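See below for the structure under consideration.
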Protein chains: 2
Amino acid sequence: MPNTDKELRLSTGPDLTIAIAGLGIVGAETARQLVQASDRLSARAGRCLRLVAVSARSDSDRGFDRTGIAFESDALALARRADVDVVIELIGGEGGIALALAETALQAGKHVVTANKALIVHHGQRLAGLAEQARVRLKFEAAVAGGIPALKVLREGLAGNNIRRVTGILNGTCNYILSEMTNTGRGFDDVLAEAQAKGYAEADPSFDIDGVDAAHKLSILAAMAFAEQIDFGALQVTGIRQITDTDISYAGELGYVIKLLGHAQPQSPATVQPCLVAKTGQLAQIGGALNAVEFTAEPVQTVLCTGPGAGAGPTASAVLADVIDVAASRGGLPFGMRVGQLARATQKKDKQARRYYLRLMVMDETGVLSAVTSILRDQQISVESMLQKGQSDDKPVALVLTTHPTAPDQIKAACSSLSSARFISGAVMALPIVDEA
Amino acid sequence: MPNTDKELRLSTGPDLTIAIAGLGIVGAETARQLVQASDRLSARAGRCLRLVAVSARSDSDRGFDRTGIAFESDALALARRADVDVVIELIGGEGGIALALAETALQAGKHVVTANKALIVHHGQRLAGLAEQARVRLKFEAAVAGGIPALKVLREGLAGNNIRRVTGILNGTCNYILSEMTNTGRGFDDVLAEAQAKGYAEADPSFDIDGVDAAHKLSILAAMAFAEQIDFGALQVTGIRQITDTDISYAGELGYVIKLLGHAQPQSPATVQPCLVAKTGQLAQIGGALNAVEFTAEPVQTVLCTGPGAGAGPTASAVLADVIDVAASRGGLPFGMRVGQLARATQKKDKQARRYYLRLMVMDETGVLSAVTSILRDQQISVESMLQKGQSDDKPVALVLTTHPTAPDQIKAACSSLSSARFISGAVMALPIVDEA
């Protein structure tokens, strides 16, 4: 590395002064990096980056040297400080103080960097409009896929492409749970409890395991990929609560693993749902709490990026990249074009035929197979393979089928008929089988 | 997508005018995209992108509408045209006309975009200096890993990190050959001949299979990762000619596949060499002609990007991203900091202990194993496992060993002793076993 004096002497602009609101694990790590790696970061930024103020609930020690750094107990005060160029919002929450801080900072002509996906999903377009008016930056790389620079890859690295498809493993908690279930054969509740004990899942895990977190990230990716307004309400979201060890095991026998995938295409509604992916493909190898984002586009074909989707270090990496982009006047408009240019989200209908995995809990009695297959036949659904194991006189047993490519409407109708059949116990599970590009 | 009129009306800058030198498959594809997808590309760029001139050896049809696009038989004339803002150099070659064009264009105050790795490796620093002086951009995303925006990810997406390690599958031809050998059990010459017939390998394949192409890309990545001057001569490069089907098969039995990996760390010389990687890791899954670049860094941990490393579409994607960055005034300095700030390359010595795979062709006679193991013991090399199959009275048979972590000097000394032993036939093959981060 070049020596410090030379680096700083060659910095090209005035200092860039930074404030951080929120000193949780991400905020504290970001502050620590800005203080301890100031020379290296400034060299990369082309100007001196200076943390001048922080705000948090309590003024306690967070593991970095606070000399010369002001403390504000009111986060909004950061947005009003004359000595601050960039406000980093790491408070969280879709509204409240985070929103007020972002608005106030942008209106005061300060750049805003945030890791807050809920904020961007629900208010990102309006905030981007404020940033345009004030001619400042609004950046949120850390809001999607943690340490993977997914938004930069999409918005800039693939800017020359017509994006055909975005597929992502966007929630580390779900990926950890499904990977553990796959590797150990254990059940969902068991693995979830362990994940909670290890800190990989929240005490209230619904935000992750019901797919909401992944849906937030996907809706931001989809807006940028297709130059459309964010339309969170239009997403079709299914989480992983219904996935049983039986599903994992049957999928494995068929040559697949189950992953919670976000999936967006220009003419279909974006979906977050558990899917079967081939064991031999790249997505199946993304284990543990990793995230992955795959872009299929013309003319590049397919680019896949994987990395840690959460955690203090990876998230701080994304926040710092945004700050350095601001310092270097890089990155342009928040969504890659003006908010007024983003197409209005239109209602889309999913018509794409896919292969499906169907799992039914059936009573083990004469005539059941015939009844199931005739319901499928009535919907013109063609069965590719069928698996049934175990026998029981009094308890339902799992019957698993895979179909040839079938339209979503057909599958829905078939599931509805099956669910109401006398010999079926509980809901019918239908998971798409996703072939990699 | 927004409608065309609206897109263009909202463009923020004056037109950006573009010239392409070289209309081979990449040049023709780039031109075709600029002409046919002009509206979409201009919307992403925030200003109208206009292809105004091209140069090629012959003025023949290349599959795009040439209306209004000037033709120059002399590429240098593009650099002198007053109506050109950006010159895209796709002629190739480390010197000659490509170099003259880049120099002339930069000196004339034009931005230069190139896919030419040899040019950047041998003249990139001087050209970057010219670009700094002229306050224009020099961009070369397409020079490394084709369609993967690897340089952008490194220089900008991971700008907040201290890069600890760069590992890459950087040559699609080698990866295709090794993958085919692994999947089919066929020999090197056989697969190479097929790759040549299919167009995956050149008639003279040495540039690819001897590792030179991968080394070009790695030296650019290393310079950017560690803020050092490019030092191509210091790279230690071994190609894949010596890899036999026996190696592939023994590696497979040990749980590994063989990949040609580029590898750079701050304190070690960068290497390109065949390595063993675990079958269950992510790198082992990168099959066919794909490329992959993995960055291990603090605080992000590890980010891996994969995609097509060559071909008209992927390369055009990278060229177009550079052009759009130029249009949007993004991307900053070519190497992420001023040329004068790049540290002088220093001589580095590889001291890192690694596990090794050793393959020797030995005469199948009494006392050979004892002789081999005593040579290893003399170098304090500890054997982890040993495999020998087949017997022959008159032909040498393969003996394969894996070692516990061993310093490079020890391995070199052992290989040298072994190679000169009476009972060993031919060179000893020593391949590092790389554990993924």
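Keep in mind it's a predicted model, so treat the numbers as computed, not measured. The analysis underlying the following values was restricted to heavy atoms, covering all of them including side chains, and did not include hydrogens, waters or symmetry mates. Note on naming: letters A, B, ... go to the chains in the order of the sequence lines (proteins, then strands), and numbering restarts at 1 for each one.
The 12-atom threshold is exceeded at CD of Q36(B), counting heavy atoms of other residues, nucleotides or ligands nearer than 6.0 Å. By the 6.0 Å contact criterion, CZ on R32(B) is enclosed, its count of non-hydrogen atoms from other residues, nucleotides or ligands being greater than 12.
Summarising the geometry of R155(B) relative to R330(A), their closest heavy-atom pair is O-NH2, 4.2 Å, with the distance given to 0.1 Å. Residues Q282(B) and Q285(A) approach most closely at CG-O, 4.3 Å, considering heavy atoms. Here the shortest heavy-atom pairing between Q33(B) and G160(A) reads OE1-O, 4.4 Å. Shortest non-hydrogen contact noted between R44(B) and A225(A) is NH2-O, 3.0 Å. Summarising the geometry of P299(B) relative to E29(A), their closest heavy-atom pair is CB-OE2, 3.7 Å, with the distance given to 0.1 Å.
Side-chain contact between V303(B) and P149(A) is present, with at least one heavy-atom pair separated by less than 4.5 Å. Side-chain contact check for R40(B) versus N162(A): some heavy-atom pair is nearer than 4.5 Å. Within the 4.5 Å cutoff, side-chain heavy atoms of E156(B) are placed close to those of D325(A).
Contacts of R137(B) classified as salt bridge (charged side-chain N to carboxylate O under 4.0 Å, His left out), with partners at least two apart in sequence or in another chain: none.
Only the side chain of I286(B) comes within contact range of chain A, with at least one heavy atom under 4.5 Å from a heavy atom of that chain. The parts of T306(A) that come within reach of chain B are both its backbone and its side chain, each placing non-hydrogen atoms under 4.5 angstrom from that chain. Looking at L290(A), only its side chain comes within 4.5 Å of chain B, counting heavy atoms on both sides.
No other option in A159(A), G146(A), G287(A) has as many heavy-atom pairs under 4.5 Å with chain B as A159(A). Note on A312(A), C305(A), S329(A), G307(A): by heavy-atom pairs under 4.5 Å with chain B, the leading option is C305(A). When the candidates K152(B), R344(B), Q301(B) are compared by the number of heavy-atom contacts under 4.5 Å with chain A, K152(B) comes out ahead. Chain A forms more heavy-atom pairs under 4.5 Å with one residue of A321(B), P308(B), G336(B) than with any other, namely P308(B).
Pairs passing the side-chain hydrogen bond (donor to acceptor under 3.5 Å, both in side chains) check and including a residue from residues 308-324 of chain B, sequence neighbours excluded, read N161(A)-S317(B).
The distance from the OG1 atom of T302(A) to the CD1 atom of I148(B) is 11.5 Å, given to the nearest 0.5 Å.
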